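Residue numbers start from 1 in every chain, and the chains themselves are labelled A, B, ... in the order their sequence lines are given, proteins ahead of strands. Nothing here was measured: the structure is a model prediction, and the numbers come from that model.
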Amino acid sequence: DTTVKQNPRYKLARVGKPVNLICSQTMNHDTMYWYQKKPNQAPKLLLFYYDKILNREADTFEKFQSSRPNNSFCSLYIGSAGLEYSAMYLCASRNRGENNQAPLFGEGTRLSVL
Amino acid sequence: GEQVEQRPPHLSVREGDSAVITCTYTDPNSYYFFWYKQEPGASLQLLMKVFSSTEINEGQGFTVLLNKKDKRLSLNLTAAHPGDSAAYFCAVSGTQVVGQLTFGRGTRLQVYA
């Protein structure tokens, strides 16, 4: 199986409540990424894990958390959802040492915050 | 940081006509360039990757041109068909951060019969 799987596909959350999104891959990729995409905007990198090392973008550092309990899984956690978090969240993976390899994307989770 | 401008945001062409999507980027150190296609409800599918300084890559029904001097990347669908209707995204990264992509805003292509 050479796909990146994301759960759930759709998520409805209340303002102020936590949100946890899940991503998995069975290709043994060492790096997993989370991107956020809003309508009419470019997908934006939020953070990525290389092995067990988490790297978060400076402008989203405090808004998102993540964990990677093993090589196959990676979560994206929002502690207190706000309306501005409504977006599509895309997970991707690749092997860092293979420079020619493009990130492989999952189908995304559409989060709606009400 | 890197900025990528993609044009046009929407494109409607007749079946059999060509369609051109262009991206310009700002970082001269950018090295890896990708085109992704996204059909409704589906994931971003890699269409083409380009690495050389000036290169024309050809796939099934499309051509990709990279001009590093002008910092311009283009996707040319030579004879569009309705199955090409989708959103297309260009993405750029440097040598040290290959998977950390800077995307364009996308182009929504509609091909009508």
Side-chain angles (χ1 to χ4, degrees), chain A residues 1-10 23-25 27 29-51 53-60 74 87-110, chain B residues 1-11 21 23-27 29-52 55 57 59 64 66 73 86-108:
Chain A
D1 185 7
T2 57
T3 59
V4 175
K5 296 189 189 307
Q6 292 190 240
N7 287 297
R9 292 293 309 278
Y10 302 92
C23 178
S24 65
Q25 49 89 14
M27 297 161 285
H29 284 168
D30 55 24
T31 308
M32 296 183 74
Y33 307 84
W34 282 101
Y35 285 81
Q36 179 192 62
K37 187 181 180 325
K38 295 185 176 183
N40 301 317
Q41 295 185 22
K44 177 179 168 19
L45 179 66
L46 298 176
L47 53 87
F48 67 94
Y49 261 102
Y50 167 58
D51 196 13
I53 302 170
L54 174 62
N55 298 268
R56 288 184 284 180
E57 294 294 291
D59 56 347
T60 56
C74 188
M88 174 74 82
Y89 290 88
L90 300 167
C91 177
S93 71
R94 65 182 292 273
N95 272 331
R96 184 172 178 171
E98 298 181 33
N99 282 343
N100 287 354
Q101 186 182 68
L104 182 66
F105 281 85
E107 291 182 323
T109 294
R110 186 174 296 280
Chain B
E2 173 76 273
Q3 294 184 42
V4 177
E5 178 102 5
Q6 184 172 343
R7 288 275 185 266
H10 300 278
L11 186 55
I21 303 169
C23 289
T24 56
Y25 59 96
T26 56
D27 188 348
N29 294 316
S30 293
Y31 191 84
Y32 296 97
F33 305 86
F34 306 95
W35 282 101
Y36 283 91
K37 176 182 179 181
Q38 186 179 35
E39 297 182 12
S43 66
L44 292 166
Q45 296 287 339
L46 181 68
L47 201 59
M48 178 67 78
K49 51 188 178 184
V50 180
F51 303 143
S52 297
E55 181 172 340
N57 278 18
V64 170
L66 171 62
L73 176 71
Y88 291 82
F89 295 88
C90 63
V92 176
S93 74
T95 56
Q96 300 301 316
V97 289
V98 178
Q100 296 164 237
L101 304 176
T102 301
F103 279 89
R105 289 191 173 198
T107 295
R108 191 163 297 280

Quiz prompt | Neighbour count >12 (heavy atoms, 6.0 Å) for atom CG, A:Asn40 | solution =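 No, the 6.0 Å shell around CG holds no more than 12 heavy atoms from other groups.
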
Residues 97-104 of chain B, side-chain donor-acceptor partners within the protein, below 3.5 Å, at least two apart:
none

Self-check item: Most chain A-contacting option - heavy-atom pairs closer than 4.5 Å, from B:Ala87, B:Gly41, B:Pro9
Solution: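 The answer is B:Gly41.
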
Heavy-atom contact with chain B under 4.5 Å, split by part of [X]:
{"X": "A:Tyr50", "result": "neither"}
{"X": "A:Arg110", "result": "neither"}
{"X": "A:Lys44", "result": "neither"}

Quiz item: Between B:Leu46 and chain A, which part of the residue has a heavy atom less than 4.5 Å away: side chain, backbone, both or neither?
Solution: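 Looking at B:Leu46, just its side chain touches chain A.
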
Quiz item: Looking only at heavy atoms, what is the nearest atom pair of A:Leu46 and A:Thr60, with distance?
Solution: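 Minimum heavy-atom separation between A:Leu46 and A:Thr60: O-OG1, 3.3 Å.
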
Quiz item: Do the non-hydrogen side-chain atoms of A:Arg96 and A:Phe48 ever get within less than 4.5 Å of each other?
Solution: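 No, side chains not in contact.
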
Quiz item: Between B:Cys90 and B:Cys23, is the SG gap short of 2.5 Å?
Solution: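 The sulfur gammas are closer than 2.5 Å, so yes.
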
Practice problem: Specify which of A:Arg94, A:Glu57, A:Met88 makes the most heavy-atom pairs with chain B at under 4.5 Å. | Solution: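 Winner by heavy-atom pair count: A:Arg94.
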
